[in-house]
Amino acid sequence: MGHILHSSILVPYHGWRISHRTHHQNHGHVDKDESWHPLPERLYRSLNRATRMLRFSIPFPMLAYPFYLWSRSPGKSGSHFHPSSDLFQPNERNDVLTSTACWVAMAALLAGLTFLMGPLLMLNLYFVPYWIFVMWLDFVTYLHHHGHNDKLPWYRGKEWSYLRGGLTTVDRDYGWINNIHHDIGTHVIHHLFPQIPHYHLIEATEAAKGVMGKYYREPDKSGPFPLHLFGALSRSLKRDHYVSDTGDVVYYQTDPAN
């Protein structure tokens, strides 16, 4: 089922499953986290102007997901499609090859349908909805880990722990879209206890607030549609550029020239 559903949106199932597991196991760690992790200043300064623009200027970051699957984030090597990538262990090789084969089959199917039905019809039926999915996924995942009004820490070395990392994620309210997301806006509790099924996330969040105390940040309430989050996205991309190369507890800094 995972192969069918993920391949239908051009995502390699096992490659993404393993990558997302790595993200959960290392969230909040400057060096070990996956996707939307902060760039150390030295790496940030080494990026050319075009790469910086693509990473920090709307709408380009909202188109990043397919490129991340192919080549990961700046400073990291490998691919979600290649079994030799350092994302994977040797015993995961066959899983990754299977997912990549399913992805290739889906790409071939799309090519065949485009030939039979014509590019314009396929653009309407598949490729436009696909890019809307990509933009919304990047939008949501970015805002679960960036853009809070208060600066949130990132950790290195002994300062990092699973609990500390999980507490730096951000809950979001998506209004009418909450149910469509299976309440993934309750992202803090999802990171602390990923085994909790989606239909208990709201209940679990309410129960945990008293324990988390000041470490829980109540999300801004949304109207029917979460229009307020576009402002949070824009502000974050303008200020959250890099973290210091040194230090075990660091915060995003802003490049005034960007």
Side-chain angles (χ1 to χ4, degrees), residues 11-12 14-90 92 96 100 134-135 137-148 151-162 164-166 168-170 187 191 233 236-258:
V11 177
H14 281 303
W16 175 246
R17 175 184 64 80
I18 295 166
S19 168
H20 196 65
R21 179 190 66 196
T22 302
H23 166 60
H24 267 266
Q25 290 175 336
N26 298 281
H27 179 262
H29 196 293
V30 172
D31 304 312
K32 297 180 180 179
D33 201 352
E34 269 294 321
S35 81
W36 299 128
H37 66 289
L39 302 179
E41 183 175 5
R42 175 175 45 82
L43 176 58
Y44 173 84
R45 300 293 182 193
S46 72
L47 301 178
N48 59 44
R49 181 171 292 275
T51 302
R52 290 189 202 176
M53 182 187 73
L54 291 172
R55 187 170 176 88
F56 297 105
S57 300
I58 295 174
F60 303 113
M62 301 301 99
L63 305 172
Y65 186 55
F67 303 99
Y68 166 69
L69 291 176
W70 277 106
S71 59
R72 301 176 72 191
S73 302
K76 293 183 181 290
S77 60
S79 169
H80 289 74
F81 297 90
H82 201 292
S84 297
S85 171
D86 60 9
L87 268 170
F88 311 121
Q89 299 298 319
E92 294 167 333
V96 176
T100 300
V134 165
M135 293 179 71
L137 178 69
D138 280 322
F139 177 79
V140 167
T141 53
Y142 181 93
L143 286 174
H144 282 158
H145 306 100
H146 300 78
H148 195 268
K151 285 192 173 183
L152 301 179
W154 288 80
Y155 301 101
R156 292 187 176 100
K158 293 182 179 179
E159 289 293 335
W160 180 88
S161 70
Y162 180 85
R164 274 187 154 186
T168 62
T169 191
V170 183
H187 213 66
H191 260 281
L233 173 69
S236 177
L237 289 173
K238 289 178 180 177
R239 72 185 186 187
D240 296 342
H241 295 153
Y242 59 84
V243 297
S244 173
D245 293 325
T246 60
D248 289 344
V249 182
V250 293
Y251 296 84
Y252 268 114
Q253 300 180 44
T254 303
D255 179 4
N258 189 59

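All figures in this text were calculated on a predicted structure; none of them were measured in a lab. Any value given below was found using the heavy atoms of this structure, including those in side chains, with hydrogens, waters and symmetry copies removed.
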Quick check: closest heavy atoms across [X] and [Y], and the distance to 0.1 Å?
X: S85; Y: S77; result: OG-O, 4.2 Å
X: D248; Y: G157; result: OD1-N, 4.5 Å
X: G247; Y: R156; result: O-NH1, 2.8 Å
X: P66; Y: V134; result: CD-CG1, 3.7 Å
X: S57; Y: P61; result: O-CD, 2.8 Å
X: L43; Y: G75; result: CD2-CA, 3.6 Å

Parallel, tilted or perpendicular: which fits the ring planes of Y142 and H146, with parallel below 30° and perpendicular above 60°?
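It falls in the parallel class, under 30°.
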Specify whether H187 and H145 have parallel, tilted or perpendicular ring planes, treating 30° as the upper limit for parallel and 60° as the lower limit for perpendicular.
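If you compare the ring of H187 with that of H145, the planes turn out perpendicular.
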Beyond-backbone contact of [X] with [Y], side-chain heavy atoms, under 4.5 angstrom:
X: R42; Y: Y242; result: no
X: Y252; Y: V243; result: yes
X: L39; Y: P74; result: yes

Measure the spacing between [atom1] of [X] and [atom2] of [Y] and express it to the nearest 0.5 Å.
X: H14; Y: S19; atom1: NE2; atom2: OG; value: 14.0 Å
X: D255; Y: L47; atom1: CG; atom2: CG; value: 10.5 Å
X: E41; Y: T246; atom1: CD; atom2: OG1; value: 9.0 Å
X: H29; Y: W160; atom1: NE2; atom2: CH2; value: 7.0 Å
X: F88; Y: T22; atom1: CZ; atom2: OG1; value: 8.5 Å
X: D240; Y: L233; atom1: CG; atom2: CG; value: 10.5 Å

Quick one: does any side-chain atom of R17 pair with a main-chain N or O of P12 as donor and acceptor, under 3.5 Å?
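Here the side-chain-to-backbone pair does not exist.
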Between H241 (side chain) and L237 (backbone), is there a donor-acceptor pair under 3.5 Å?
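Yes, H241 side chain to L237 backbone: donor-acceptor pair under 3.5 Å.
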Determine whether the aromatic ring centres of H191 and H23 lie less than 6.0 Å apart.
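Yes: the rings meet the under 6.0 Å criterion.
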For Y68 and W36, I'd like to know if the aromatic rings sit close, meaning centre-to-centre distance below 6.0 Å.
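Ring centroids of Y68 and W36 are no less than 6.0 Å from each other.
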Candidate list W70, W16, F139, test ring pair (Phe, Tyr, Trp, His ring centres under 6.0 Å), partner Y65, passing option
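Single pass found, and it is W16.
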Any pair counted as salt bridge (Lys or Arg N to Asp or Glu O under 4.0 Å), so long as it reaches residues 67-78, sequence neighbours left out:
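Applying salt bridge (Lys or Arg N to Asp or Glu O under 4.0 Å) to every pair that reaches into residues 67-78, excluding sequence neighbours, yields E34-R72, R72-D86.
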Around atom CZ of R21, are there more than 12 heavy atoms of other residues, nucleotides or ligands at under 6.0 Å?
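Yes, because the 6.0 Å sphere around CZ of R21 holds more than 12 heavy atoms from other groups.
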Taking atom NE2 of H24 as the centre, report whether more than 12 heavy atoms of other residues, nucleotides or ligands fall under 6.0 Å from it.
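It does: H24 NE2 has more than 12 such atoms within range.
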If the test is side chain to side chain contact (heavy atoms under 4.5 Å, CB included), which one of V249, D33, T168 qualifies with W154?
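The residue from V249, D33, T168 that satisfies side chain to side chain contact (heavy atoms under 4.5 Å, CB included) with W154 turns out to be D33.
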